[in-house]
Visitor: 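Okay, here's the structure, questions in a sec.
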Amino acid sequence: MTVRTRFAPSPTGPLHIGGVRTALFNYLFSRHHGGAFLLRIEDTDRERSTEAFTRSILDSLDWLGLERDQAPLFQSTRAARHAEVARQLLDAGHAYRCYCTPEELARMREQAAAEKRQPRFDVWRDRDPAEAPAGVSPAIRLKAPREGETVVEDLVQGTVRVANAELDDMIILRSDGSPTYNHSVVVDDHDMGITHVIRGSDHLTNTFRQVQIYRGMGWELPRFGHVPLIHGPDGAKLSKRHGAQSAIEFREQGYLPEALCNYLLRLGWGHGDVEVLDRAEAIRLFDIDGVGRAPARMDYAKLTHLNALYIRAADDDRLTHEVLERLAQRTDLSLGSIAAGRVRALMPGLKERARTLVELADSAAFLARTVPLPMEPKAAAQLAPEARIMLRELGQVLAGTEFSVPALDAALRAFAEAKGRKLGQVAQPLRAALTGSTMSPGIDAVLVALGREEVLARIGAVG
RNA sequence: GUCCCGUUCGUCUAGAGGCCUAGGACACCAGCCUUUCACGUUGGUAACACGGGUUCGAAUCCCGUACGGGACGCCA
């Protein structure tokens with residue numbers, strides 16, 4: 001049997017971090033087993049679903065490199081098929097028409113709560129349809145079994161069982177003829193030939209009821225795998241105050257997609273002591289049975305650490321492109337081809353020090369400034385009168401030095417020695433003059449990236 | 001409230017009855033490296049929720065308790 005998985009988001013918001021992980025697990029699982037990974041957009045809630053969110057989700061999946069094997073299926077196009085299946089269930093006696101009003105349902109809910117049991121909503125289950133009130137269009141309810149138990153062999157949660165007496169008769173077709181979530185999911189998963197349903201564990205209890213539809217239709221069950229949810233650092237539901245939540249936000253905050261995927265993969269799944277895995281390794285090693293059962297907390301610090309690793313390993317041209325795009329958003333810089341060249345030239349030194357693309361761009365900003373540079377207070381402190389005098393002399397030396405790292409390094413050391421100073425006492429004022437900061441990549445690399453003309457201009461501006 | 005699921009360092013995890021004096025990673029602390037900041041490197045603090053069983057032996061199996069999460073919609 002060829003494995004077919006799917007990711008089925010509803011376009012009522014951007015792709016959430018939990019969704020990213022669910023999509024990733026589905027993707028990795030299908031790739032690991034040489035199967036297919038499909039996408040279904042669950043846009044049956046016409047009120048809240050938007051095209052913009054659909055696009056946004058698609059963009060995020062592309063950004064993450066989770067490519068699908070077929071064009072997405074839009075659930076809203078399948079209403080007729082859902083109704084058809086509901087009709088078949090009705091004809092086969094597995095479902096019935098329910099004429100309850102919302103008020104009656106509320107009353108049943110209350111009563112069940114008072115009796116400390118689950119509501120069943122089954123008053124029309126055995127009632128004569130002839131008693132149906134005129135002018136009320138019925139919803140269609142599934143007949144849940146009353147005796148025995150339903151057992152789900154979950155790939156993640158293990159054997160999960162519930163007494164059938166706990167099950168209610170859920171609605172599969174609303175009174176307006178539209179399908180409910182639990183119904184359309186089953187029909188679509190079946191029709192799409194999905195073999196493995198990997199989704200958030202918030203759907204686990206739905207599964208017991210969905211199973212009844214498969215049984216009623218005589219369809220083969222897919223395997224289920226319910227992965228635990230992601231919580232915020234404090235164990236509570238992930239919320240805005242914790243930090244980024246959607247793929248878009250992580251992207252904006254300068255995280256690389258491969259770092260986010262690596263982090264999310266390791267969250268709730270482990271393979272020995274392996275912490276860093278690229279996509280190929282992930283596909284090779286991932287399997288659903290290795291996923292833990294307990295919810296995991298989001299740890300932004302660990303993600304950031306992983307991101308730093310991936311930035312260091314990333315291609316310089318790619319990073320330069322990302323940085324220039326971010327710098328272009330800023331109004332305090334003069335970004336031209338010269339500055340772009342400097343960014344590219346200094347990228348090897350810059351990327352060693354940045355944990356996110358935001359930090360990387362910030363650290364490169366000085367390359368796109370014009371004199372006089374804005375000075376951080378600590379940098380200004382490096383430029384005492386005698387330091388300025390020293391820099392003027394140093395400028396004269398640099399005017400005649402070859403602009404290569406070895407030559408500049410030698411020149412700087414010779415200069416410091418001649419002045420009876422430590423190298424740091426020369427490098428720090430120079431760094432301040434050139435960058436406006438006390439932190440930067442190695443000073444030789446900065447000199448080379450800036451070029452002689454700009455270096456002398458910046459030294460002149462503080463002298 | 002009812003049902004389902006879970007619980008190893010602060011966090012993510014390794015661990016499938018003896019290999020555990022419980023390993024790794026992040027974070028934290030200290031040292032080294034050093035032209036700054038990082039990186040790197042060396043070392044350190046730190047966990048089997050609790051209580052009963054089973055067993056020669058339990059982090060690993062069973063039961064209970066506590067705590068946490070999820071689900072209980074004509075939402076998805």
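Just so it is clear, the values below take in all heavy atoms, side chains as well, and ignore hydrogens, waters and symmetry mates. In what follows, chains carry the letters A, B, and so on, assigned in the order in which the sequence lines appear, proteins first and then strands, with residues in each chain numbered from 1.
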Visitor: Mind calculating the distance between CE (A:Met108) and C1' (B:U2) to the nearest angstrom?
Guide: 18 Å
Visitor: So does A:Arg353 reach the base of B:C39 with its side chain, donor to acceptor, closer than 3.5 Å?
Guide: no
Visitor: Take atom CG of A:Asp409 and atom P of B:U35, then tell me their distance rounded to the nearest Å.
Guide: 9 Å
Visitor: Which part of the nucleic acid, if any, lies within reach of A:Thr44 when heavy atoms closer than 4.0 Å are counted: base, sugar-phosphate only, or nothing?
Guide: sugar-phosphate
Visitor: Send over the distance from A:Leu350 CG to B:C37 C1', rounded to a whole Å.
Guide: 12 Å
Visitor: Tell me whether the side-chain N or O atoms of A:Arg293 pair up with the base of B:U7 as donor and acceptor below 3.5 Å, since no angle test is needed here.
Guide: no
Visitor: Judged by atom type as modelled, is there a donor-acceptor pair below 3.5 Å linking the side chain of A:Gln157 to the main-chain atoms of A:His226?
Guide: yes
Visitor: What contact category does A:Asp299 fall into here, base, sugar-phosphate, or nothing, at under 4.0 angstrom with non-hydrogen atoms?
Guide: base
Visitor: Using a cut-off of less than 4.0 Å, is there contact between a side-chain N or O of A:Arg174 and OP1 or OP2 of B:C75?
Guide: yes
Visitor: From CG of A:Asp273 over to P of B:U13, roughly how many Å is that when rounded to an integer?
Guide: 14 Å
Visitor: Can you say whether a donor on the side chain of A:Ser175 sits under 3.5 Å from an acceptor on the base of B:C74, or the other way round?
Guide: yes
Visitor: Just one of A:Asp299, A:Ile17, A:Thr304, A:Asn307 clears the side chain to side chain contact (heavy atoms under 4.5 Å, CB included) bar with A:Tyr263, so which one?
Guide: A:Asp299
Visitor: Looking only at the aromatic ring of each residue, does the gap between the centers of A:Phe25 and A:Phe286 stay below 6.0 angstrom?
Guide: yes
Visitor: Starting from P on B:A71, measure out to CD on A:Gln157 and report it in whole angstrom.
Guide: 13 Å
Visitor: Given atom CD of A:Glu275 and atom P of B:A27, what is their separation to the nearest angstrom?
Guide: 11 Å
Visitor: Can A:Tyr96 and A:Asp169 be counted as having a side-chain donor-acceptor contact under 3.5 angstrom?
Guide: yes
